[in-house]
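Only one structure is covered here, and it is reproduced in the block below.
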Number of protein chains: 2
Amino acid sequence: MSQPGYKQFCPVAMAAEVLCTRWTMVLIRELVAGTNRFNELRRGVPKMSPTLLSQRLKELETAGILEKKEHSSEKGIFEYHLTKAGKDLYPVVEAMGNWGQKWVESQISLKNLDPSLLMWDMRRNLDPSPLPTKQTVIQFLYPELSRSKQRWWLVIEPKGDVDLCWADPGFDIDLYVTTDLRTMTAIWMGLTTVKRESEQMKLIGAKEIASSMQIWLGLSPFAAQKKLVP
Amino acid sequence: MSQPGYKQFCPVAMAAEVLCTRWTMVLIRELVAGTNRFNELRRGVPKMSPTLLSQRLKELETAGILEKKEHSSEKGIFEYHLTKAGKDLYPVVEAMGNWGQKWVESQISLKNLDPSLLMWDMRRNLDPSPLPTKQTVIQFLYPELSRSKQRWWLVIEPKGDVDLCWADPGFDIDLYVTTDLRTMTAIWMGLTTVKRESEQMKLIGAKEIASSMQIWLGLSPFAAQKKLVP
DNA sequence: CTGTATCCCCCCGGATACTG
DNA sequence: CAGTATCCGGGGGGATACAG
């Protein structure tokens, strides 16, 4: 924030000077979620220009919220890590997220659909524990979308690592999910639940994987917060 | 916010679109604190232009955070009241305030001294219970400041109502407080405590009122949060 | 008392290309 | 991969005066 501050000693105002500038809270949410590298942050905030991202990262570093460190083993690789003060922003993110989940109308949230963002979030929160301890591949198909955004693959490795692919990785597919982006997003946000063989979603493949989808599909961290507006 | 939104369905992003624009969180803090009238809000956010204040109030109304109502008995008097969604922002304000109190350096906060704001806040949080159940008048003198900002009076009525005066109300004074603005602000923020007869503060007048000053002087709502940086 | 109207500057931030 | 350099336009928001 290079605009003059609020000139208030109040801690809320002091915090707001740092936190309440454009994109900053969204970026912090991404950092709190555990993203550390520049280009990964870009995936989490795709509409933010790299220039502004770079600028905000510097501001947050100056504010003592994060530290930029060169990767220990690889030269030229940098990572951004929250400091103790930065990690302590978790309650702020949590409070804002819960409020948003509770009070922002679904209709409005669901105007901001983005398959890349959704799949990226799903990758992050997926829970491999109900899945077989072998490589599992799940294909998502959104027929409504343009060719390049139609198909996505989640590859769950035996150890539990999850990869997201936007090009066919060539592996055998264990489960095919065909749905529309709005439905999938609503499920991920906790606004509705997975129903096998609904109009909006078709699951084809391994039955045990299909039937546990609501489990292994980790939801948004705010999905549990009940909505109080339609 | 008329800038295009973040295009993210994430509740944090949705909330940030409404909350993280300039002045908005500071204004909401003031509303959460119980201020309802336009000109009282101006006292709470003195550096915000009336145009922008008006604009933000409309935005918050549109967002379903507050309602503007005409005062029931007096025509032409309007009040802004938080809706249920607005009151539910309390955890957000609290989280941000606690973070600010904990992590923003005192040196920086104490660069934003403002006697009007401080006295206004003190008026709001003053606890009359330890005071005698008669009218009590306390004069604050900041010798360092310009004439018009040097002297302030808190008038506590028998019922407990507190008035703030910037001109001598003419009543008998029960306690004279002479200090500097930085010390008084630090005390109110919980960074230090009242000490009788220190270099920084002189208390002259009724002994029982002087000795209970740390009590009746209600502190900032965030004073209890311990600071983790100097 | 409760705002509006108006003016205008500055700078925020979006877009794009490019570099080590 | 990890950013910078550069350009540019729009509008956010500060200041002030005034009106109902």
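Each chain gets a letter, A, B and so on, in the order its sequence line appears, and its residues count up from 1.
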Going by the angle between their ring planes, with limits at 30° and 60°, are F38(B) and Y80(B) parallel, tilted or perpendicular? tilted
Quick one: sort the W188(A) and F9(B) rings into parallel, tilted or perpendicular, breaks at 30° and 60°. perpendicular
Of the options dT4(D), dT2(C), dG13(D), whose atoms approach the side-chain atoms of F78(B) most closely? dT2(C)
Of the nucleotides dG13(D), dA2(D), dG13(C), which has the atom closest to the L52(B) side chain? dG13(D)
Can a side chain N or O of R22(A) be found less than 4.0 Å away from OP1 or OP2 on dG12(D)? no
What's the [atom1]-[atom2] distance between [X] and [N], to the nearest Å?
{"X": "E40(B)", "N": "dT2(C)", "atom1": "CD", "atom2": "C1'", "result": "12 Å"}
{"X": "Y6(B)", "N": "dG14(C)", "atom1": "OH", "atom2": "P", "result": "9 Å"}
{"X": "Q55(A)", "N": "dG14(C)", "atom1": "CD", "atom2": "P", "result": "10 Å"}
{"X": "W23(A)", "N": "dC12(C)", "atom1": "CH2", "atom2": "C1'", "result": "14 Å"}
{"X": "E59(A)", "N": "dG13(C)", "atom1": "CD", "atom2": "P", "result": "8 Å"}
{"X": "K58(B)", "N": "dT4(C)", "atom1": "NZ", "atom2": "C1'", "result": "8 Å"}
{"X": "R37(A)", "N": "dA2(D)", "atom1": "CZ", "atom2": "P", "result": "5 Å"}
{"X": "E61(A)", "N": "dG3(D)", "atom1": "CD", "atom2": "P", "result": "10 Å"}

What does I77(B) touch in the nucleic acid at a heavy-atom separation under 4.0 angstrom: a base, only the sugar-phosphate, or nothing? sugar-phosphate
Could you tell me whether the side chains of S106(B) and S109(B) share a donor-acceptor contact shorter than 3.5 Å? no
Okay, side chain of K227(B), backbone of Q101(B): is any donor-acceptor separation there less than 3.5 Å? yes
Tabulate atom names and distances for all N/O pairs under 3.5 angstrom spanning the protein and nucleotides 15-18 of chain C.
residue : atom : partner : partner atom : Å
dA15(C) : N6   : T51(A)  : OG1          : 3.3

Are Y6(B) and W23(A) close enough that their ring centers fall under 6.0 Å? yes
If you pin M48(A) and L57(B) to their nearest nucleotides in DNA chain C, which one's is more 5'? L57(B)
Contacts of type salt bridge (charged side-chain N to carboxylate O under 4.0 Å, His left out), residue D114(B), not counting sequence neighbours: none
Can you name the one residue among R124(A), R43(A), R42(A) that meets salt bridge (Lys or Arg N to Asp or Glu O under 4.0 Å) with E30(A)? R124(A)
